[in-house]
Every structure is written in structure tokens, then in C-alpha cells.
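Data block below; observations after.
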There are 12 protein chains.
Amino acid sequence: MSEHTYRVTEIVGTSHEGVDQAIRNGITRASQTLHNLDWFEVTQVRGQIENGRIEHYQVGLKVGFRLDESD
Amino acid sequence: MSEHTYRVTEIVGTSHEGVDQAIRNGITRASQTLHNLDWFEVTQVRGQIENGRIEHYQVGLKVGFRLDESD
Amino acid sequence: MSEHTYRVTEIVGTSHEGVDQAIRNGITRASQTLHNLDWFEVTQVRGQIENGRIEHYQVGLKVGFRLDESD
Amino acid sequence: MSEHTYRVTEIVGTSHEGVDQAIRNGITRASQTLHNLDWFEVTQVRGQIENGRIEHYQVGLKVGFRLDESD
Amino acid sequence: MSEHTYRVTEIVGTSHEGVDQAIRNGITRASQTLHNLDWFEVTQVRGQIENGRIEHYQVGLKVGFRLDESD
Amino acid sequence: MSEHTYRVTEIVGTSHEGVDQAIRNGITRASQTLHNLDWFEVTQVRGQIENGRIEHYQVGLKVGFRLDESD
Amino acid sequence: MSEHTYRVTEIVGTSHEGVDQAIRNGITRASQTLHNLDWFEVTQVRGQIENGRIEHYQVGLKVGFRLDESD
Amino acid sequence: MSEHTYRVTEIVGTSHEGVDQAIRNGITRASQTLHNLDWFEVTQVRGQIENGRIEHYQVGLKVGFRLDESD
Amino acid sequence: MSEHTYRVTEIVGTSHEGVDQAIRNGITRASQTLHNLDWFEVTQVRGQIENGRIEHYQVGLKVGFRLDESD
Amino acid sequence: MSEHTYRVTEIVGTSHEGVDQAIRNGITRASQTLHNLDWFEVTQVRGQIENGRIEHYQVGLKVGFRLDESD
Amino acid sequence: MSEHTYRVTEIVGTSHEGVDQAIRNGITRASQTLHNLDWFEVTQVRGQIENGRIEHYQVGLKVGFRLDESD
Amino acid sequence: MSEHTYRVTEIVGTSHEGVDQAIRNGITRASQTLHNLDWFEVTQVRGQIENGRIEHYQVGLKVGFRLDESD
């Protein structure tokens, strides 16, 4: 295995349902434009409240991906 | 939109089931006495273990709400 | 209640399903070898991605347990 | 001087103009309901952007005040 | 045991004598107005110096208490 | 409102005048190439000194923006 | 002096009396099973409150000890 | 350019007016006794409140300066 | 000197040899696609172990570069 | 009151007895060479262990003092 | 691949030569007693100075290893 | 051994070669003016980049030294 370099990008995934789904939504969206996604790390869990109920979960994520020769 | 001030209060929501439910329980309880709840942020996820099983999830939350003129 | 001392050990629980299940898997495994488990605290939520999907959730946990006289 | 206890409350002051004004707005609002305000500490500087311009500065503040005998 | 919610309030206890006494002074004062105090956590240890001697120890504390049905 | 994903990019805005202007300069520059800018958060305030005077204020900013379908 | 490796273990010492005694209780307990204890570092000071009084001080400690050839 | 060493000193600048002015006051005072000041970094923004108004802004600063051969 | 804006990107450089080489590998790779690289800051040093030996050093880096008029 | 500048210096006070005494020893020593000491803040509590007993408590302190016109 | 649990242990590797060698010494020593070592993370770089020269580099490491069925 | 007080000063050592050499350069320079240097701790690793290559490694160091009776 050669000596790769990785890039780390930061996103916020959101969901009406919960923390896991917000993570999945963010990763799914990121994988539409970024290739070779390798790992993620949760940096923050927040949310919006409306009328005393949670309207959106917002999960901050750092997402790492391997840089290709051509990137 | 005028220049509002917000207050941030810290609570710990608990649940037998998991992290999402502990967040929801805490927000539901806070909304009984605080109006205009606007956002939350998770500060800590802990729990109690009994006989090798998780008895309670305990999720620390900062909850922000808008101050009314009369608060 | 006398003056106990506790030890804190750090583990990483993993799951294909989500954060709550990764916590439970870690605690279940720890309880096979450690007695008197008392509390846990989440230190980190990460995961591995393969082909644009989350392959593993990895949840870092500090787990505290009471030391017996004989430990 | 006797041995006072202080309470610390967390607020978010906002302003269209800038950081200093957001701090002042928050302190002014807090002083309407809290007595004996003694010090503040900035915990966070954020803001909302609309159409490429800053709409609101939002400054998180911890505000300390001395508890009276009767509080 | 049902699923309680806890509130966390932040205070600063002070003492001429030392750290332990400043913690005790803060907890004693808090217990005059808050019920069901359950735990504390030290966030900061500071102090004032006058003429080369410590005039006051100031200990920041987060104090957690269980919310009653009626709170 | 559907479940958007946001990206967070990190910039450093600079100014000869002060902190607020450095924030505004950074946001203005970012808005030339990024659409749907939504919020910012200050991560660091630094500066360069020359001949005992502040030559540049440098303000680190995280800037969040909503990803379009086509980004 | 040769190039030793040290291990760091985390414990929580407790005491009814105060912070210093909780540290001493934890170190005394650790020294029953670990040899060559070399240093400690306080990571956290917490406590339990009952009826408005401190029931237990709980002091988190990292404790370092030198590994023998045979450990 | 040769391999310089820098020293970092910590100061607190104060002002009645605001954050920028407190930074400038601190740097101006530091430059009276320290040569080759090179950069600063804000570590903390606090202030004193009197009668519900901000009496002093207090800005913590790390200030770096190049050591001369003769320092 | 005019008022530039900088962007900060996060990468992970890797090396079989050590920390310095992992930093250099990451910077070299970044400079293939980014112009005007100006500074870096190490955020994390990790590594993979295989058969009791270090297989890869992985060094997290924030890399800052000046935005051109045309970026 | 005019606009003073303060300097913050970092020391480590030590004691055979405990945390409070280590703080006092450090402040007493600092006051021999620094004038106008104004406040301190504890940054770290560590200690050395010998033969399973605490030999020294070591308390890291930031100490602030007002700069005179002539300093 | 099934759902493994990992344990994280903390060590301090030392060396007369430098940071990389201190990491290698710590990992080599840990691999004598722990199996399935998987990754490390540097938590701290310190050292001892004698007569104005570095006598020892001391590198804090968290080391993760996979728990076997029989551990 | 009596109860010494230590002072901690912060420096930045630099090198064209790498991290270890930057640490050594900083310690060597500090030992020209400070006696009884006892330990160091790395606080930050940064560097300057020119034309896509690392021009300087800059390593932040806290350096502790024992205060003599006469200091």
C-alpha cells in the first residue's frame, strides 16, 4: 500500500427522525459528489425546536476521503 | 426582525431506550415550563449500567429560547 | 456506604446499525470480563464508509466500574 | 467582605451591527430581570448570513451575578 | 425508576479558607432555593489576591438537580 | 422544509481596522464563489504586529452553506 | 537511565471529607495492585449531594506507573 | 532567514469602549517594554459590569516576539 | 499589502517513516492542486499498527492558502 | 479607574500537604518578585508518587498582576 | 466482518533521540503483552531537560487493540 | 527535597529540518538565559510554506524551570 493523502471535509447532515438518520443523510449526500469516502467523525449534535418539538436534528460530521492521483 | 436576546439553559434528559429518546424526553419536559424553545445542542452522552446492561441513557443538552418582552 | 475506588477503562463498541447499538455492543462485551460496571460516557462517534455507505459505527466509551476488595 | 455565592447564567445577545453591540444588547436585556450583574465572558461568536451579507451577529455570553440573601 | 429530567445550574462558591470550603459554601447556598440537588462538578478554580495573599478562593460549580412534576 | 445537507468551509478574513471588519471582509469574499451562505462561527482571532502597532486583524471563520441539488 | 515505557490508568477516588482525601484514597487503593506508581494528574472533580449536603467527593485521576521488564 | 526563537507572553488589555480598543491598548502597553512584537492571539473576552452596564472590556492576549541575540 | 482572505483546508498526510515525512507528503500532495499555500498546523498524530509495528503514520493538517482574485 | 494592562505569568506551586497549600506556596513565592498580584487560576493538579504515597502535590497556576507605569 | 469491540490503553513511550523513536519504543513495548494492536494516537509530547539539553522525549499514546473472544 | 516553585514560560522554536530539531533549537536558545530548565511540553506544531515546500517548522513549547532563592 502506497502513501496516500486524504482530504477531510466538514458537513452537517439533517433529519426529522434522529441522530443516526441525520448521519446517514449527510453521508449519502456527500457520496454524490465525493469519491473514495473512507471515514466520518461526529463533531456536534444540535437541533431546531418548534412548538416544543424537535423539528430537525443537525449532526456535524468530518468526512475523510482518499485523494486520487487525478484529484 | 428585531434584535432578540436568547437564554440558554442546561438540562439532562434520560431514557431507558436510547440517545434520541433521551433528547426528546428532555425537550418535552423543558417545554412544559419554558416558552419559545428554539434550538438544542448535545453536550454529553452518559449512562448508568446495572448487571451489565444499560439502565439509563443520560444526555446533557443546552437548550436555547427567545426572551419575551415580559420575561 | 464506604469510600470506594472506581476504575475507568476505555473501549470502542462497533455496530452496523447505529450509535445506540454500538454503545450496547461495547457494554455487553465489557461486562463479560469486568464486574460491577457502573456508568459509561461517550467520548467519540466515528465510522467507516464503504461505497458511499456506512459500514461500521464506532463509538468510543469510557466505562467505570467499582473495584472490589480483591481486585 | 463576606463569602458570597454567585450564579452564572448563559445568554445570546444579537445585533445587526457587530460584536460589541451584540454584547451590549445582551447585557442590557439581562439587567432588566437580574440584579447585581458582576461580570461576563464571551463563549461564542456566530452569525446569520442572508444574500451574502451578515444579517445578525450572535454572541454567546456567560453572565455572573451575586446572590442576595433573599434570592 | 421513571425517566426523570435534570436541570444543571452554574454557580461560583467562595471562601477565605480553601477549595473544599468554597465548594461547600456554594452547595449550601444553592440548597436554600433549589430542591433535589443531586450532583456537582467543578468547572474552574480561581481566586483573588491582595497584598500577596489569597483573599478569596472562587470555585465554579455545575450543580444538577432533579425536576419535580411541579417545577 | 426538506432534509438539506450543509457544507462547512473554513476561511480567514483580514482587516486593518478591527474584528468586525475582518469578519465582513471574509464573508464578502466567500460569497463571491459560494452560494446559499447560511451562518458563520468565529474560531480564532489573531493578528500581525509591526513596529508596535496592529498591522492586520486575522479572524478564523467557519462558514456554513446549503448544498443545492446540483452542487 | 534506560528508555522506560509507562502505563497510564484512570481511576476515581472518593471521600466524605474533601478533594485531597479523595486523591489520597484513590492512590492508596491503586498502590495495592500496581507497582512503581510514579505520578498522578487530576482530570475531574465531582461529587454527590444528599439533603443539601455533599455526601461524596469524587476525583478523577490519571495514574502513571513504570512498566517492569516482566509486566 | 535564520532559525529564530520566539517568546510568547500573556497579557490582558482593557478598555471602556470595546473589544478592538482593548486589544489595541494591550498591544500598545506591551510594546513599551518588549521589542520585535510579531503577532497576537485572543485567548478570552471578558468584562466587568456595574449598574447593568459594561464598565470594562478585558481581552486576554498571547503576544509573540522574536528573541534577539542579546535577549 | 491589501486585505486578503485565506482558505483553510484539512488533509491527512501519511508515511511509513515518521511524523516529519507524513507532514511533507501531505503538503507536497496538496501543492499539486492548491496554489499560494501559506501555512500549516498539525491537528492530530495517529497511526496504524500491524504485527506490533507501525505501518503508517497519519498526520492531520490544516493548510492555509491565499485566495486569488480569480479563485 | 483608568485602563490598565495586566500580565499573566504561569507557575507551579508544590506542597507535601495538599492542593490548597500548594496554591498558597506558589502565590507566596510569586509575591516575592512580582507586585500588584491580582488573581490566580488553577490550570492543572498533578503530583509525584513514591512508594505508593503522594510525595508532592504540583498545582499549575496562572497569576495575573497589574502593570505599573514603570514596569 | 463481525462487530468487534476494541480496548484503548494509554502509555508513555520515551526516547533520548526524538519523537518518532519515543512512539516506536512505546509501541514495541506494548506489543510484548498486548495482541492485535490496531492503531495509536499521540495525546501529548513532553520531555525532561538536564543541563540545558533534552534528556528524554516522553510521548503519550492511546493504543487501540481488538478484543478476542477469549480476552 | 524542599517545596520548590517552578515558572513556566512559552516559546516557539523553529527549524528548516523538522519537529525534533525545532524543539532542540528552542530549548537551546531558552537555556542561554534561563537556568534550571526542568521540562518542556509541546503545545502546537505549525509551519510556513513557500512555493509548495515547508520553509520553517514552528513548534510551540511550554518550558518549566525551578525558581532559585534569588530569582
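Letters go in sequence order (proteins before strands), and every chain restarts at 1.
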Measure the spacing between CD of L/E50 and CG of I/L37 and express it to the nearest 0.5 Å. 11.5 Å

Measuring only between side-chain heavy atoms, which start at C-beta, is I/I23 closer than 4.5 Å to L/V19? yes

Check whether any side-chain heavy atom of I/F65 lies under 4.5 Å from a side-chain heavy atom of L/I49, and answer yes or no. no

Taking all non-hydrogen atoms of both residues into account, name the closest pair between I/F40 and L/Q48 and its distance. CE2-N, 4.4 Å

Contact class of I/V63 relative to chain L, heavy atoms under 4.5 angstrom: side chain

Which pair of heavy atoms, one from L/R46 and one from I/E41, lies closest together, and at what distance? NH1-OE1, 3.3 Å

Measure distances from L/Q58 to the heavy atoms of chain I and classify the residue's part below 4.5 Å as side chain, backbone, both or neither. neither

If you compare all heavy atoms of L/G52 against all heavy atoms of I/S31, which two are closest, and at what distance to 0.1 Å? CA-CB, 3.8 Å

Pair count under 4.5 Å, heavy atoms only, with chain L: among I/V45, I/L34, I/D38, I/V42, highest is I/D38

